[in-house]
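Read the structure below first, then the notes.
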Amino acid sequence: MSLTFDFVQPQPEPAADRVTLFADVILPLPLPKLYTYRVPFELNDQVVIGGRVIVQFGAKKTLSCIVAAVHETPPANYQAKYILEFIDDAPVVTQPQLKLFRWMADYYLCTLGEVINAALPAALKLSSESRVQLHPAFETETNPYPLSEQEQKIVEALSTGEEGKSMTFTEIGELLGIASFHKYIKSLMQKDVVFLFEHMSDKYSPKVVKKVRLAHRYVAEAALEQLFAQLAGKAKQLDVLMRYLQRVPVYQNEHSNHKGMEKAALTSAPHLSPSAVNTLIKNGILEQFDVIVSRFPMEDDEVANMHFTLSEAQMEAHTDIMRQFQTQDIVLLHGVTGAGKTEIYIDLIRQALESGGQVLYLLPEIALTAQIVTRLMRVFGSRLGVYHSKFSDNERVEVWNGVLSGRFQVVVGVRSSVFLPFDNLSLLIVDEEHESSYKQYDPAPRYNAREVALMMANFQGAKTLLGSATPSVETYYQTRTGRYGLVSLTKRFGEAGLPEIELVDTRKSREQKTMLNHFTPELMQEMERKLAAKEQVILFQNRRGYAPFINCLDCGWIPKCKNCAVSLSYHKHAHELRCHYCGYHDRMPVECPACGSRNIKTVGFGTEKLEDDLKIMLPEASVQRMDLDTTRAKNSYQQIISDFEKQTTNVLVGTQMVTKGLDFANVSLVGIINADSIIHYPDFRAHERAFQMFVQVSGRAGRKGKKGKVIIQTGDPQQVIFDKVIRNDYLEFYEYEILQRREHGYPPFMRVIRLTVKHMDPVLAEKAAILLTQELVDRLGREAVLGPEAPYIFRIRNFYLQEITVKLSREHTVVRAAKADILESINLVRDHKDFKQARIAADVDPM
DNA sequence: AGCACGCCGACT
DNA sequence: GTCGGCGTGCTC
């Protein structure tokens with residue numbers, strides 16, 4: 001039910017001997033502290049910690065917020081306002097959540113309001129909107145003021161329909177078809193024709209299905225016979241009626257009529273006339289009624305508890321994990337791609353459920369596919385909730401409420417599912433734990449879901465299994481220190497051997513002029529061979545668009561984004577130049593705006609160009625591209641995957657999206673088109689990321705017994721990292737990388753906090769950053785602070801950037817004290833009169 | 001985050 | 001002379 005309500009008036013002053021309660025509320029705003037409101041005495045028993053209340057904040061705003069605490073201490077320096085309304089009689093945010101959210105705000109240097117804002121599905125955040133209603137005293141006949149045509153329209157709309165009808169501003173805008181209608185409302189208010197009031201509404205609306213059933217008086221057999229006689233000659237209506245009786249056995253069981261059937265099953269049936277259905281309803285033969293249904297329809301647990309057997313290696317790993325859980329809260333399952341980690345997870349989840357606890361299974365967004373959901377559904381049936389970013393708000397609220405009510409005991413979800421109201425978590429699984437997409441980069445809270453989930457597991461006493469074929473250096477280090485357990489699964493499931501990896505030197509090919517567009521002859525030949533054998537190919541290129549920039553060959557002109565310090569990428573399909581940082585786009589010029597030349601060339605290449613080239617070079621093959629641009633729509637991602645699965649497409653070209661979790665049995669070749677751009681990235685994690693990407697994408701080659709092949713194109717095959725990729729030697733990579741980290745003082749040995757100063761004015765950005773650095777150095781010491789420095793892309797969305805990196809020892813007390821110092825320094829700069837417009841963001845553990 | 005209060009340019 | 005720009009401060 002969509003609950004709507006208007007505000008109650010503030011309560012009168014309570015008598016002195018009565019208990020006066022105050023509630024500290026979390027406003028969904030980036031404010032550093034909680035605000036204290038007074039509970040109207042009559043409603044004392046309605047305050048619920050974790051429940052939503054409505055308050056007036058400032059002169060105009062009415063907001064819904066969460067009660068964080070209730071107490072009897074009146075604020076010393078100000079008069080608390082009254083809470084206007086209580087929405088929930090049970091917590092929407094539970095105590096364990098509040099504890100976790102506080103930890104998040106603290107750890108990630110943001111406000112509780114920001115955490116709440118990210119946590120609550122938008123549909124749980126009430127919005128206030130102004131509504132317009134006809135003044136009760138208004139009558140058209142007695143109205144002394146003349147009304148304009150537009151005003152007349154508004155009055156008409158408000159007086160049609162039931163008494164006291166109201167409209168929102170948006171509705172009025174739609175009615176008049178113009179944006180600037182406020183003047184008419186203002187004028188109508190002055191003439192006492194309408195008045196305004198504030199109205200809050202829950203945005204969640206349950207899903208309703210229209211059903212039909214036979215009107216009661218026809219249910220008896222005799223009455224039915226009579227009805228048939230009555231409808232004789234009305235063939236279409238009789239058809240509908242027959243179909244209804246076929247589906248609902250009214251003859252055999254009169255009670256079955258009560259539930260009826262879905263109206264859509266009649267109106268959209270191929271041989272039935274929708275208008276005949278409506279005629280039957282109009283004539284009172286069928287009656288229509290609404291039923292509230294779940295957005296996650298689940299027949300029953302028939303499908304559930306499907307069993308499968310683990311392989312011997314999986315069994316062993318499973319036993320080992322359970323054994324380690326006896327002494328260890330966190331275990332890393334290091335299993336090569338295709339080793340069958342998912343079956344182990346499923347078995348552990350089943351076990352956890354049997355003991356009565358909740359389970360959270362975290363996956364990166366691109367790995368949470370229909371494949372995995374279907375698989376889990378078959379085992380866990382209606383106990384499984386799915387939390388995905390492409391879900392609508394209403395769907396998210398249903399998952400949220402389902403966890404609260406206990407309907408969903410297992411949730412498989414993406415990053416944001418760490419916000420769900422678990423209170424009895426017994427198992428946490430973080431698959432692909434090394435994934436950087438677990439980290440939210442912008443806006444605040446800049447949290448890492450893996451770390452938040454680990455903290456939640458810690459608070460609730462749950463065991464955690466981290467899974468990866470290429471664990472993050474930080475996580476693997478913890479297994480070395482003994483803080484995490486370790487289980488390794490090194491054999492691929494079902495006899496599939498590891499792919500053969502070949503390095504191909506693009507520099508040599510270029511010198512010999514044997515390159516075919518961006519393909520070496522080796523890769524080209526291999527592709528042709530595989531396609532001839534009716535096998536599939538995946539090509540990985542970590543850059544979308546057609547070309548990263550275009551260039552006038554006569555005057556050297558390169559189009560740049562007007563908001564950011566980057567060149568514009570050329571997107572051929574849209575025939576546009578686009579900025580990948582702010583979304584700015586412009587038509588592709590026919591001639592150079594600087595010199596008028598038509599001699600404009602594209603430079604470099606992205607997925608779109610590869611796709612284009614391949615369509616010409618391999619005319620027989622069907623080529624599909626998978627990147628941010630081709631997967632924006634809700635189902636396009638799934639469509640691309642299923643086309644590839646069905647082998648409608650032979651070659652899949654894509655960005656990082658193709659590296660994750662896709663299991664295609666027929667892929668025998670993976671090509672990495674430009675390995676160098678991934679390795680040479682100005683960041684301490686560049687090698688780790690490169691290693692992970694290469695190994696993950698290689699894992700796409702060869703499954704179900706077929707040995708796959710991987711071709712890596714590089715200008716420098718001698719780089720150390722390749723050697724480890726080729727031998728798929730994670731350990732060796734780790735040993736090499738951990739030395740670098742120790743030597744240069746990076747995680748896991750040191751903790752990094754990145755501060756970014758943004759300002760529209762480049763000079764002020766730099767000055768603010770220098771001041772911030774000075775403050776930090778004063779508090780933390782010179783050696784802890786690096787920068788300030790303008791990043792490689794020094795301007796984004798018209799803001800000039802400056803970065804400061806703080807490195808801290810990992811000791812808890814040090815970090816805690818340092819964070820207080822950092823906050824103090826930031827506030828100092830913020831309060832400085834010259835830097836009022838500077839924006840400062842802190843990113844704890846950046847990735 | 002909004003929104004109000006407060007000081008400097010282009011208009012009736 | 002005013003209307004309105006957005007810069008700064010506050011919201012229990």
Side-chain angles (χ1 to χ4, degrees), chain A residues 7-11 13-14 20-41 43-44 47 49 51-86 101 105 108-120 122 124-130 169-170 179-180 182-183 186-187 196 198-200 203 440 442-446 758-761 763-765 767-768 797-799 826-842:
Chain A
F7 299 128
V8 290
Q9 291 302 308
Q11 304 300 309
E13 203 64 25
T20 307
L21 295 180
F22 294 91
D24 297 340
V25 304
I26 308 167
L27 292 156
L29 301 172
L31 298 167
K33 55 197 181 97
L34 302 182
Y35 282 70
T36 306
Y37 283 83
R38 181 167 177 169
V39 179
F41 176 77
L43 304 174
N44 270 0
V47 221
I49 292 180
R52 290 171 300 170
V53 296
I54 292 167
V55 297
Q56 180 92 36
F57 185 63
K60 272 238 169 81
K61 266 181 302 184
T62 342
L63 295 169
S64 75
C65 49
I66 301 286
V67 175
V70 179
H71 55 87
E72 293 178 29
T73 323
N77 313 316
Y78 55 87
Q79 190 68 40
K81 284 186 184 174
Y82 279 98
I83 289 175
L84 299 176
E85 195 89 30
F86 293 86
F101 294 173
Y108 290 108
L109 299 174
C110 65
T111 69
L112 252 184
E114 285 168 325
V115 177
I116 282 282
N117 227 359
L120 289 187
L124 284 179
K125 295 175 211 160
L126 298 194
S127 67
S128 115
E129 51 185 354
S130 300
F169 278 27
T170 326
S180 55
H182 290 89
K183 54 183 177 225
K186 201 172 161 190
S187 151
L196 288 184
E198 285 293 306
H199 187 271
M200 309 273 298
K203 279 183 278 184
Q440 169 151 315
D442 215 34
R446 297 178 176 80
K758 302 186 198 181
H759 203 291
M760 299 274 257
D761 181 330
V763 178
L764 287 176
K767 281 187 173 165
R797 292 173 195 269
N798 287 321
F799 278 88
I826 290 174
N827 287 330
L828 220 129
V829 178
R830 274 189 188 140
D831 290 346
H832 191 290
K833 66 171 173 46
D834 293 352
F835 306 130
K836 291 288 178 196
Q837 288 169 101
R839 296 189 195 172
I840 305 169

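Here is the naming used below: chain letters follow the sequence lines, and residue numbers restart at 1 for every chain.
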Do we get A/K833 above A/F835's six-membered ring, with its NZ or CZ under 6.0 Å from the centre and within 45° of the axis?
no

My understanding is that only one of A/K758, A/H759, A/M760 makes a side chain to side chain contact (heavy atoms under 4.5 Å, CB included) with A/R839; could you say which?
A/K758

Going by the angle between their ring planes, with limits at 30° and 60°, are A/H71 and A/F22 parallel, tilted or perpendicular?
parallel

A/L27 CG - B/dA1 C1' separation (whole Å):
11 Å

Under-3.5 Å N/O pairs linking protein and nucleotides 10-12 of chain C:
from: C/dT11; atom 1: O3'; to: A/G58; atom 2: N; distance (Å): 3.1
from: C/dC12; atom 1: OP1; to: A/Y37; atom 2: OH; distance (Å): 3.1
from: C/dC12; atom 1: OP1; to: A/G58; atom 2: N; distance (Å): 3.4
from: C/dC12; atom 1: OP2; to: A/K81; atom 2: NZ; distance (Å): 2.6
from: C/dC12; atom 1: O3'; to: A/T36; atom 2: O; distance (Å): 3.0
from: C/dC12; atom 1: O3'; to: A/K81; atom 2: N; distance (Å): 2.6
from: C/dC12; atom 1: O2; to: A/T36; atom 2: N; distance (Å): 2.9
from: C/dC12; atom 1: O2; to: A/Y78; atom 2: OH; distance (Å): 2.2
from: C/dC12; atom 1: N3; to: A/Y78; atom 2: OH; distance (Å): 3.3
from: C/dC12; atom 1: N4; to: A/K33; atom 2: NZ; distance (Å): 2.7

Less than 4.5 Å apart, side chain to side chain, heavy atoms only: is that true for A/F57 and A/L29?
yes

Side-chain heavy-atom pair A/D24, A/T36 within 4.5 angstrom cut-off:
yes

Distance in angstrom units between A/I116 CD1 and B/dA1 P, rounded
17 Å

Just verifying a value: how many Å separate A/L43 CG and A/L84 CG, rounded to the nearest 0.5 Å?
10.5 Å

Rounded distance (Å) that lies between atom C1' of C/dG9 and atom NE2 of A/H832
18 Å

Interatomic distance, A/M760 CE vs C/dC6 C1' [rounded to whole Å]
11 Å

Atom pair distance, as rounded to whole Å: NZ in A/K836 and C1' in C/dC6
16 Å

